[in-house]
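Since the structure is predicted, the reported quantities are computational estimates derived from the model, not experimental observations.
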Amino acid sequence: MAQEKNADGTDAPLVFIPASGTKECTDMHAWGKASTLHSYIFKGNADKDTYPEDACEPYYHKTAQIDSIHVNESLTGTGYVAVVGDVISNVTPNGGGHVLSNKKNSPFDMPHPNKKGWRLRHVCIEGPEIAVYCRGKVGDNGVIDLPDFWDGLVNPEDMTINLTPIGSWQELFVKEVQWGKKVVVRNNAGGPINADYYIVARRLDDDLIVEYEGESHTDYPGGNEGYSFSWENDNMERLVKEVVREKLDELEKGS
């Protein structure tokens, strides 16, 4: 396509100039120097009905690869989001980012599912370990298939398995855990099995140091990468210190 000038100096309509020889229509990879500009993606303005018949059929991006993308407003879709690295959000109360794909706990806020004009806020439960869980219904054969992604994620020898009989009392027990992939449940009375299960397992990379000496979270000996701290954390820390100080004062006065 070539851009010419009108007599008055304005741009003339784009005119297609066919290449000499046989046309080459191979879909080739892009090459060149990496650009760091956040600019809009160009969309060709050639109309399909007026596009020259002797030109190669144009390609459009069904798939694309890019090192960095800047979204001004929103990112929507109907498929899956698969990420190898970290997913980072900046929705914490102090505007600071936290890493969603890391193992550390953070609160989240969402629209209320059944009360219009309300919102719902949840926080992860606290505990002296970094753990994951799974739950469901025990199969009729008494076998619980653990999630495939648990292999290499959790310690198969450090799981807590709870069984809840449904409909009637059943003498259920865990017969064995097979290679960290299956849990075999049996009924001691020999009857059928109808039960739910809830399993908690410790992650293999559990490096949590529960108690440590220090004046603030900055003294944590394991480093704070992956954790997020907001004014709520700092305020809670201040309140805890005040309560501890009052208790210590009471103990000193009592002695």
Side-chain angles (χ1 to χ4, degrees), residues 80-89 92 97-108 110 120-214 216-230 232-233 236-237 240 244:
Y80 296 96
V81 177
V83 180
V84 176
D86 293 328
V87 179
I88 302 176
S89 169
T92 51
H98 64 273
V99 182
L100 302 181
S101 59
N102 276 1
K103 61 190 179 185
K104 317 305 180 186
N105 299 335
S106 293
F108 65 92
M110 60 181 283
L120 188 66
R121 176 165 293 195
H122 281 175
V123 294
C124 296
I125 61 175
E126 295 183 2
E129 64 179 356
I130 300 174
V132 294
Y133 78 92
C134 68
R135 63 181 182 85
K137 195 175 188 310
V138 181
D140 294 335
N141 59 354
V143 175
I144 301 173
D145 291 312
L146 297 174
D148 292 338
F149 57 83
W150 273 31
D151 185 16
L153 178 69
V154 305
N155 184 350
E157 298 179 356
D158 189 9
M159 294 192 296
T160 300
I161 304 171
N162 294 313
L163 303 171
T164 305
I166 301 174
S168 63
W169 167 248
Q170 301 156 58
E171 298 180 30
L172 303 181
F173 67 96
V174 175
K175 181 180 180 181
E176 62 177 328
V177 178
Q178 297 179 353
W179 315 293
K181 298 179 183 294
K182 296 179 183 293
V183 175
V184 179
V185 178
R186 291 291 179 260
N187 188 336
N188 190 56
I193 297 175
N194 184 16
D196 288 333
Y197 67 86
Y198 181 83
I199 304 176
V200 180
R202 183 190 296 266
R203 284 181 53 149
L204 287 171
D205 60 349
D206 184 356
D207 57 357
L208 183 65
I209 301 174
V210 179
E211 294 181 302
Y212 62 94
E213 184 178 2
S216 74
H217 61 267
T218 58
D219 297 319
Y220 184 67
N224 285 307
E225 182 178 357
Y227 292 90
S228 63
F229 300 92
S230 66
E232 291 178 339
N233 295 95
M236 181 59 68
E237 184 175 307
V240 171
V244 172

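- Environment of CZ in Arg135: sparse, with no more than 12 heavy atoms of neighbouring residues, nucleotides or ligands closer than 6.0 Å.
- The list of salt bridge (charged side-chain N to carboxylate O under 4.0 Å, His left out) pairs with a residue in residues 165-178, not counting sequence neighbours, is empty.
- Between Arg186 and Asn141 the shortest heavy-atom distance is NH1-O, 3.3 Å.
- Around the OH atom of Tyr133, the shell of radius 6.0 Å holds no more than 12 heavy atoms that belong to other residues, nucleotides or ligands.
- The neighbour count for Asp140 CG, taken as heavy atoms of other residues, nucleotides or ligands under 6.0 Å away, does not exceed 12.
- Under the 3.5 Å distance criterion, the side-chain polar atoms of Gln170 are left unmatched by any main-chain donor or acceptor of Gly191.
- Separating the CG atom in Asn194 from the CG atom in Leu172 is a distance of 9.0 Å, to the nearest 0.5 Å.
- Rounded to the nearest 0.5 Å, atoms CD (Gln178) and CG (Leu146) are 10.0 Å apart.
- Smallest separation of non-hydrogen atoms from Met159 and Ala201: CG-CB, 3.6 Å.
- Nearest heavy atom pair, residue Val174 against residue Val177, reads CG1-CG2, 4.5 Å.
- Here Lys181 pairs with Asp151 in a salt bridge; the nearest charged N to carboxylate O distance falls below 4.0 Å.
- Using a 4.5 Å cut-off on side-chain heavy atoms (C-beta onward), Pro156 and Trp150 make no contact.
- Heavy atoms from other residues, nucleotides or ligands lying under 6.0 Å from CG of Asp219 number more than 12.
- Annotation: salt bridge (charged side-chain N to carboxylate O under 4.0 Å, His left out) contacts involving residues 152-167, sequence neighbours excluded, comprise Asp158-Arg202.
- Annotation for Leu208 and Pro128: closest pair CD2-C, 3.8 Å, computed over non-hydrogen atoms.
- Separation of atoms OG1 (Thr164) and CG (Asp196) is listed at 6.0 Å; rounding is to 0.5 Å.
- Scanning all heavy atoms of the two residues, the minimum distance from Ala195 to Pro165 falls at CB-CA, 3.9 Å.
- A search for salt bridge (Lys or Arg N to Asp or Glu O under 4.0 Å) contacts involving Lys137 returns nothing, not counting sequence neighbours.
- In terms of modelled atom types and a separation under 3.5 Å, the side chain of Asn187 and the main chain of Pro192 share a donor-acceptor contact.
- Formation of a donor-acceptor pair under 3.5 Å by the Asp205 side chain with backbone atoms of Asp207 is not found in this model.
- Distance CD1/Ile199 to CD1/Ile161: 5.0 Å, rounded to 0.5 Å.
- Of all heavy-atom pairs between Val200 and Ala131, the closest is CG1-CB, 3.9 Å.
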